There are 2 protein chains.
Amino acid sequence: MPSPQLLEEFSQFFRLLSEPARLQLLCQLKHSGSMDVAGLIEATGFSQSHISRQLGQLQRAGLVSCERDGVRTIWSADNDLVDDLCALVQNRLRQRLEAQLQSLAAG
Amino acid sequence: MPSPQLLEEFSQFFRLLSEPARLQLLCQLKHSGSMDVAGLIEATGFSQSHISRQLGQLQRAGLVSCERDGVRTIWSADNDLVDDLCALVQNRLRQRLEAQLQSLAAG
DNA sequence: CGTCGTTATGCGCATACACTCATAAAAGCT
DNA sequence: AGCTTTTATGAGTGTATGCGCATAACGACG
């Protein structure tokens with residue numbers, strides 16, 4: 001049984017992934033390798049200020065990192081954790097739907 | 001690159017885990033095997049109505065299930081997904097702290 | 001130094017939701 | 001049927017935060 005502090009940290013982490021905007025940024029960066037903010041605006045349709053804030057949160061959590069290229073900032077996803085988590089969840093969603101399908105066919 | 005719909009589902013799922021109360025309920029059930037609501041009130045300190053609602057959400061997501069024992073309802077955690085997710089996150093947190101420690105020692 | 005282009009931040013709005021209290025619904029007992 | 005115990009739900013409150021607008025800070029270049 002995890003300690004309350006650990007539970008708090010877990011939930012804080014999951015909260016980062018609980019927003020489609022942030023998850024989209026993460027997946028986009030993972031998919032494209034690295035992008036500048038202009039590209040992320042283009043890809044997601046969010047405002048510059050919003051993207052900047054969300055990237056800041058993800059950076060503090062160590063999920064993305066940036067390097068400056070002159071005046072621009074190039075962002076990239078830092079690790080495979082999010083992909084792994086999403087894969088597990090996707091698997092679970094698939095299992096659920098398959099079970100529903102099965103019970104529908106059987107019933 | 002996951003579709004927007006899939007990203008939405010992922011984030012909805014992670015949102016379930018983004019609240020310490022729900023995560024605590026899940027871990028408690030996993031730890032104790034199965035419990036009634038009175039036990040969960042005792043263990044978590046939340047109000048009965050709140051616990052009932054959170055269990056409802058977790059049940060709709062297929063993370064917990066219940067069986068009635070007379071007037072009481074016995075709840076139990078349904079699968080290992082949450083444990084696996086938490087283990088991955090914990091691993092990542094540990095790595096982060098180790099890296100910070102290292103850089104502190106080196107700097 | 002002033003201007004331009006890019007990113008960060010103060011502010012405000014709207015919404016979502018965690019949480020509780022009060023109450024209804026359900027199930028067992030006499 | 002009435003009473004008790006347990007769970008579910010309607011209603012309200014307070015807080016957190018997603019999101020954009022405007023603007024400030026920062027870096028490059030003339």
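Every chain is numbered from 1 and lettered A, B, ... according to where its sequence line falls, protein lines coming before strand lines. All values reported here derive from a predicted model rather than from experimental measurement.
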**OP:** Give one of base, sugar-phosphate or nothing for A:Ser52, where a contact means two heavy atoms less than 4.0 Å apart.
**Re:** base
Original post:
NA contact type, A:Val71, heavy-atom cut-off 4.0 Å: base, sugar-phosphate, or nothing?
Top reply: base
Could you tell me whether the phosphate oxygens of [N], OP1 or OP2, come under 4.0 Å of any side-chain nitrogen or oxygen in [X]?
X	N	result
B:Arg68	C:dG28	no
B:Gln48	D:dT9	no
A:Gln57	D:dG18	yes

Picking from [options], which would you name as closest to the side chain of [X]?
X	options	value
B:Arg72	C:dT20, D:dT6, C:dT7	D:dT6
B:Trp75	D:dA8, C:dT20, C:dA8	D:dA8
A:Ser49	C:dA18, D:dG27, D:dA22	D:dA22
A:Phe46	D:dG20, D:dG18, D:dT9	D:dG20

Original post:
Do the side chains of A:Leu63 and B:Leu88 join up, straight or via other hydrophobic residues, at under 4.5 Å, putting them in one cluster?
Top reply: yes
Output the rounded distance in Å from [atom1] ([X]) to [atom2] ([N]).
X	N	atom1	atom2	answer
A:Gln24	D:dC19	CD	P	10 Å
B:His50	C:dT23	NE2	P	21 Å
A:Leu25	C:dT7	CG	P	13 Å

Subject >> Given DNA chain D, 5'-ward residue of the pair B:Asp36 and A:Ser47, judged by closest heavy atom >> reply: B:Asp36
**OP:** Using a 4.5 Å cut-off on heavy atoms from C-beta on, say whether the side chain of A:Leu58 contacts that of A:Trp75.
**Re:** no
**OP:** May I ask you to check whether over 12 heavy atoms, not counting those of A:Glu98, lie within 6.0 Å of atom CD?
**Re:** yes
Original post:
CZ/B:Arg22 to CZ/B:Arg53 distance, rounded to the nearest 0.5 angstrom?
Top reply: 12.5 Å
**OP:** Please confirm whether any donor atom in the side chain of A:Arg53 sits under 3.5 Å from an acceptor in the base of D:dG20, or the reverse.
**Re:** yes
